[in-house]
Colleague: 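To start, I am sharing the structure in question, which I have written as structure tokens.
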Amino acid sequence: MVAVHTMKHPRLLLQILLLILLAVSVLSWKKEEFRNCNQAPFCKRARSRKAGTCNLRASHVSISDGDLVAKLIPKEASSESEDPMKPLVLSISAYQDGIMRLKIDEDQTLHPPKKRFEVPDVIVDEFPSKRLWLQRLKEERIDEDSAVSSVIYLSDGYEGVLRHDPFEVFVREKENGKRVLSINSNGLFDFEQLRKKQEGEDWEERFRSHTDTRPYGPQSISFDVSFYGADHVYGIPERASSLALKPTRGPGVDEFSEPYRLFNLDVFEFLSDSPFGLYGSIPFMVSHGKARGSSGFFWLNAAEMQIDVLSSGWNSDDSSNQSLPLEEERIDTLWMSEAGIVDTFFFIGPGPKDVVRQYTSVTGTSSMPQLFAIAYHQCRWNYRDEDDVFNVDSKFDEHDIPYDVLWLDIEHTDGKKYFTWDRVLFPNPEEMQGKLASKGRHMVTIVDPHIKRDDSYYIHKEASQKGHYVKDATGKDYDGWCWPGSSSYIDVLNPEVRSWWADKYSLKNYVGSTPSLYIWNDMNEPSVFNGPEVSMPRDVLHLGGVEHRELHNAYGLYFHMATADGLFKRGDGKDRPFVLSRAHFAGSQRFGAVWTGDNTADWDQLKVSVPMILSHGITGMAFTGADVGGFFGNPEPELLLRWYQLGAYYPFFRGHAHHDTKRREPWLFGERNTELIREAIHIRYMYLPYFYTLFREANTSGIPVARPLWMEFPSDEKTFANDDALMIGSNLLVQGIFTERAKHVSVYLPGDQSWYDLRSGSAYSGGLTHKFEAMEDSIPAFQRAGSIIPRKDRFRRSSTQMENDPYTLVIALNSSHGAEGELYIDDGRSFDFLGGAYIHRRFIFSRGTLTSLNLAPSSATKKFSSDCTVERIIFVGLSSAGLKSALVVPGDKKLQIESGPLLLRAGAPSSALTIRKPNVRVADDWSIKIL
């Protein structure tokens, strides 16, 4: 039957075989499939430039409409050039909170062949209103320059400087003139202008079997950026490497070392120590050093970018170097992009949290997730059918393991057509979701941007008729290969197309969906199995003739944006969306969560998950995680357990696995491992009130949930390169165990206060490295002295069922016998919190009294109330000598103080003092005095 069928349809057989071969070819990372710098001409050219070769000076400098404006012109015109360089237009804007923006573009009055692409929808709407209206320029001669420089006000403590000749832009401290950040201090600026093709020129670029027509020719931009007073630079995710960026060029670096590549790619089984591009690109770099603090630099450009971190002395042999003396501590970097314009932002800090706050004031803070979304998620490619779903769900209950979300991958669809169901395997999707929802649980299904080219598929038919697909270089709907076979891709740059796509998520259009169903966007780099580098050709065309090369890194952002808008519309703006996206760009934090992609079940990948998550956090993406257990491969029970123990502290906590792996639900590894994995997941549920409070902080300030140690201890040099540990908020420090059969683990505890072990309550001094026995039942985790952390200690099937449970407050005293902390509560679902419908309390323990204070505004337009109480107050670091009781006010109720465990588990030592059942409402003002 099969043979007869395929003989009648030879073209279909050929397509199936091609798809199988293509799918197999991308199932493992092959270096030769992806371009290196030497194979990317723009990168090779930029890297070959010598310091001091920039031939531009600033002229016609003035103030116009509140900005500094100028022209960049060649110092000396080349008589040999048939197409001499035209002036570039420069503008510098100042914004509140010490932010400076520098833009450089071609002069549109000189009619270049096309307008270069400027990335829309990344900068939040409210940011332009923060612009300062510059009134005047101050002129100053710097060093021995023959020309003057122009100085503008940036803030009370900082100034922006445009150095005319040699051309340079920098920010400096007003009091002492010390530089903070600069562009072109090393004279590496280059801007390839658009021009008409000369006879005989070949603008095409070839890679493997693919040809890029490059109709507008070379249009790359490169420049050096210097960070002063910096010991390290960080950021520019996504990359599987150390948190502190290692030098890629200069003395002591392998001559074949690659730059850090920012180009969204579908990379299967990525390496654990590599500068190559992965699924997301955020062109934002943060510096930090003991001498000066932190600063940040952001280039709003969605084309391919390559970034070199230059080691000390990289240009010491270059006599033309125009930079400042080498004895001034700084880190030089080289930024290179294939297209776009210069649209850059300088963030002056000076603290690391200041830099993140300044950056997210430009690109937006993280969206506030629903409570269920920060609990545990269970995923696999794929749960086979409804019986499989119900069996997995019931097994979680049978083994007393909480979870909140069950995920379905592509096999749940009808022939990999999104917004459909395989009605043989999933005949009753609404009923299936309803059964999960009855336990407070949710479901997530996958929706990718490739649309099966099938005339019977209503999405394809409608997209074709409306012209909603991206076009190939000839103007036809682009046809590439992905999971469904022949596919086209929607043009999400177009707001009209995004709105159309958003409507597909309505309950009416997405037949079989319910309000408890949420969405996963995968393959949205975009992934194209038969495309160059497993992606879309660069000469594919979007709205307005924009080439894909110009917006490639933002494609996933726009798809994520459209999906989040669809769920917002579906709920009439009442419920917060949850959307997970693999591809991401600056601003993606406003639309949901991301994860680190297709990792592998090995110890190195467990270890690299920490710097990957931290890098995302400091660049705005607070809601990030890694697939627990590794997507590829079969983890040994010890590795899986260690991954759960660490993953319980990831901001996004999901177990996930490839369909070729063995089943690995938590109860499949023996009774003891089930018990230990259960306990790890219980830890996450216990700390949900603390995590939710941190997500609200990220939503309001941009400060990430998971933080590098130096963000909390910016003067402690021992933290600067530490990426084995992470801070969860300000008050929890967690250290992973990354070695098989480890007997001991060393943990550096920063600061000058004590840290309390979360299990035993034992105190350890800060500022020291401690060696601990590697315990089977936990990884090292500590609460900071001087903190109060809220918990919920009653275990339920899901976070939804914990809503009315009482709280426990864990008070870890510092050397002054004081502590403080916060608790944020809202309804966990809606947007009412934006109108003030929330509870926000500050707890302060001082001079023997615990006080609860209100931080919520009294003028809120909406209200939220809760009858939840505090059922237990646990003290660590408090001596029991002479302490017998406590007095609750109001009510003058006396309670006994008892010895008890820090964690409520079998065999836990009585290492803490406990006040039981004070039963004060979390929404009220009250105090409890130790007698």
Colleague: Indicate yes or no for a side-chain donor-acceptor contact from S535 to the backbone of S527 under 3.5 Å, with no hydrogens or angles considered.
Modeller: no
Colleague: Any Lys/Arg nitrogen of E106 or R116 sitting under 4.0 Å from an Asp/Glu carboxylate oxygen of the other?
Modeller: yes
Colleague: Can we say R214 and E338 salt-bridge, meaning some charged N sits less than 4.0 Å from an Asp/Glu carboxylate O?
Modeller: no
Colleague: Do any N or O atoms from the side chain of R261 and from the backbone of N36 form a donor-acceptor pair under 3.5 angstrom?
Modeller: no
Colleague: Only one of F585, F346, F223 forms a ring-ring contact (aromatic ring centres under 6.0 Å, His included) with W299, so which one is it?
Modeller: F223
Colleague: Just wondering, more than 12 heavy atoms not from E175 lying within 6.0 Å of its CD?
Modeller: no
Colleague: Scan residues 490-499 for pairs that pass salt bridge (Lys or Arg N to Asp or Glu O under 4.0 Å), counting only residues two or more places apart or in two chains.
Modeller: D121-R498
Colleague: Please name the pair of heavy atoms, one in Q193 and one in L88, separated by the smallest distance, quoted to 0.1 Å.
Modeller: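 Closest pair (atom of Q193, atom of L88, distance): NE2-CD2, 3.2 Å.
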Colleague: On a heavy-atom basis, which atom in N264 and which in S281 lie closest, and how many Å separate them?
Modeller: OD1-OG, 2.6 Å
Colleague: Is it true that K130 and D97 make a salt bridge, defined as a side-chain N closer than 4.0 Å to a carboxylate O?
Modeller: no
Colleague: Tell me yes or no: between the side chains of T365 and T360, is some donor less than 3.5 Å from an acceptor?
Modeller: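 Checked: T365/T360 side chains show no N/O donor-acceptor pair below 3.5 Å.
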Colleague: Quick check: closest heavy atoms across I221 and A339, and the distance to 0.1 Å?
Modeller: CD1-O, 4.5 Å
Colleague: Just by distance, do the side chain of S295 and the backbone of S287 share a donor-acceptor pair under 3.5 Å?
Modeller: no
Colleague: Tell me, with the steps shown, if S488 and D477 meet side chain to side chain donor-acceptor pair (under 3.5 Å).
Modeller: CA-CA 7 Å; S488 287; D477 288 349; 5.3 Å; no
Colleague: Return yes when atom NZ of K466 has more than 12 non-hydrogen atoms of other residues, nucleotides or ligands closer than 6.0 Å, and no otherwise.
Modeller: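 No - once you tally the heavy atoms of other residues, nucleotides and ligands closer than 6.0 Å, there are 12 at most.
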Colleague: If you look at every heavy atom in Q589 and G620, which pair is closest and at what distance?
Modeller: CB-O, 3.2 Å
Colleague: For the pair F34 and F276, evaluate ring-ring contact (aromatic ring centres under 6.0 Å, His included) and give the outcome as yes or no after the intermediate values.
Modeller: CA-CA 9 Å; F34 303 100; F276 283 97; 7.6 Å; no
Colleague: Using the side chain to side chain donor-acceptor pair (under 3.5 Å) rule, take S257 and T248 through it: C-alpha gap first, then chi angles, then the decisive distance, then the call.
Modeller: CA-CA 6 Å; S257 178; T248 57; 5.3 Å; no
Colleague: Can you see which heavy atom on P112 is nearest to which on D107, and at what distance?
Modeller: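 Result for this residue pair: CD-O, 3.6 Å.
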Colleague: Given R179 and E168, is the side chain to side chain contact (heavy atoms under 4.5 Å, CB included) satisfied, shown in steps?
Modeller: CA-CA 12 Å; R179 296 179 181 217; E168 182 187 14; 2.3 Å; yes
Colleague: Using 4.0 Å as the upper bound for N to carboxylate O, is an ion pair formed by R206 and D212?
Modeller: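 No, this pair does not count.
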Colleague: Under the 3.5 angstrom rule, does the side chain of Y95 hit a backbone N or O of G98 as a donor-acceptor pair?
Modeller: no
Colleague: Using side chain to side chain donor-acceptor pair (under 3.5 Å), reason through S185 and Y228 one step at a time and then give a plain yes or no.
Modeller: CA-CA 11 Å; S185 294; Y228 297 84; 3.2 Å; yes
Colleague: Determine, step by step, whether K174 and Y153 satisfy the side chain to side chain contact (heavy atoms under 4.5 Å, CB included) criterion, reporting the C-alpha distance in whole Å, the side-chain angles of both residues, the deciding distance to 0.1 Å, and the verdict.
Modeller: CA-CA 9 Å; K174 189 180 297 186; Y153 172 87; 3.7 Å; yes
Colleague: Any heavy-atom pair between the side chains of N524 and S581 that's under 4.5 Å?
Modeller: yes
Colleague: Side-chain donor-acceptor contacts of residues 57-73 below 3.5 Å, not counting sequence neighbours, with atom names and distances?
Modeller:
residue	atom	partner	partner atom	Å
D67	OD1	S93	OG	3.0
D67	OD1	R131	NH1	2.8
D67	OD2	S93	OG	3.2

Colleague: Tell me whether the count of non-hydrogen atoms from other residues, nucleotides or ligands lying under 6.0 Å of CD in E139 goes above 12.
Modeller: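 12 or below, so no.
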Colleague: Counting distance only, does the side-chain N/O of R590 pair as donor-acceptor with the main-chain N or O of V122 below 3.5 Å?
Modeller: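 Judged by distance alone, yes, a pair lies under 3.5 Å.
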Colleague: Side chain of D202, backbone of E204: donor and acceptor closer than 3.5 Å?
Modeller: yes
Colleague: With sequence neighbours left out, what residues match F42 under ring-ring contact (aromatic ring centres under 6.0 Å, His included)?
Modeller: none
Colleague: Look at the side chain of D332 and the backbone N and O of L310, then say whether any donor-acceptor pair between them is shorter than 3.5 Å.
Modeller: no
Colleague: For Y359 and F298, I'd like to know if the aromatic rings sit close, meaning centre-to-centre distance below 6.0 Å.
Modeller: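 Yes: the rings meet the under 6.0 Å criterion.
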Colleague: For T474, does its backbone N or O pair with a side-chain atom of D472 as donor and acceptor, under 3.5 Å?
Modeller: yes
Colleague: Give me the atom names and distance for the closest heavy-atom approach of E192 to S220.
Modeller: OE1-OG, 2.7 Å
Colleague: Is it the case that the side chain of N553 and the backbone of A303 share a donor-acceptor pair, with hydrogens and angles ignored and the cut-off at 3.5 Å?
Modeller: yes
Colleague: With respect to F297, which candidate in F284, W335, F347, F345 satisfies the ring-ring contact (aromatic ring centres under 6.0 Å, His included) definition?
Modeller: W335
Colleague: Contact between V180 and Y158 at the side-chain level, heavy atoms closer than 4.5 Å - yes or no?
Modeller: yes
Colleague: Are E205 and R549 ion-paired here, with the side-chain N under 4.0 Å from a carboxylate O?
Modeller: no
Colleague: Salt bridge between E533 and R208, side-chain N to carboxylate O under 4.0 Å?
Modeller: no
Colleague: Should E258 and R239 count as an ion pair when the cut-off is N to O under 4.0 Å?
Modeller: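 Result for this pair is no, no salt bridge flagged.
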Colleague: Parallel, tilted or perpendicular for H548 and H552, by the 30°/60° rule?
Modeller: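 Judged by the thresholds at 30° and 60°, the geometry between H548 and H552 is perpendicular.
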Colleague: Just by modelled atom types, is the V225 backbone N or O under 3.5 Å from a matching donor or acceptor in the T333 side chain?
Modeller: yes
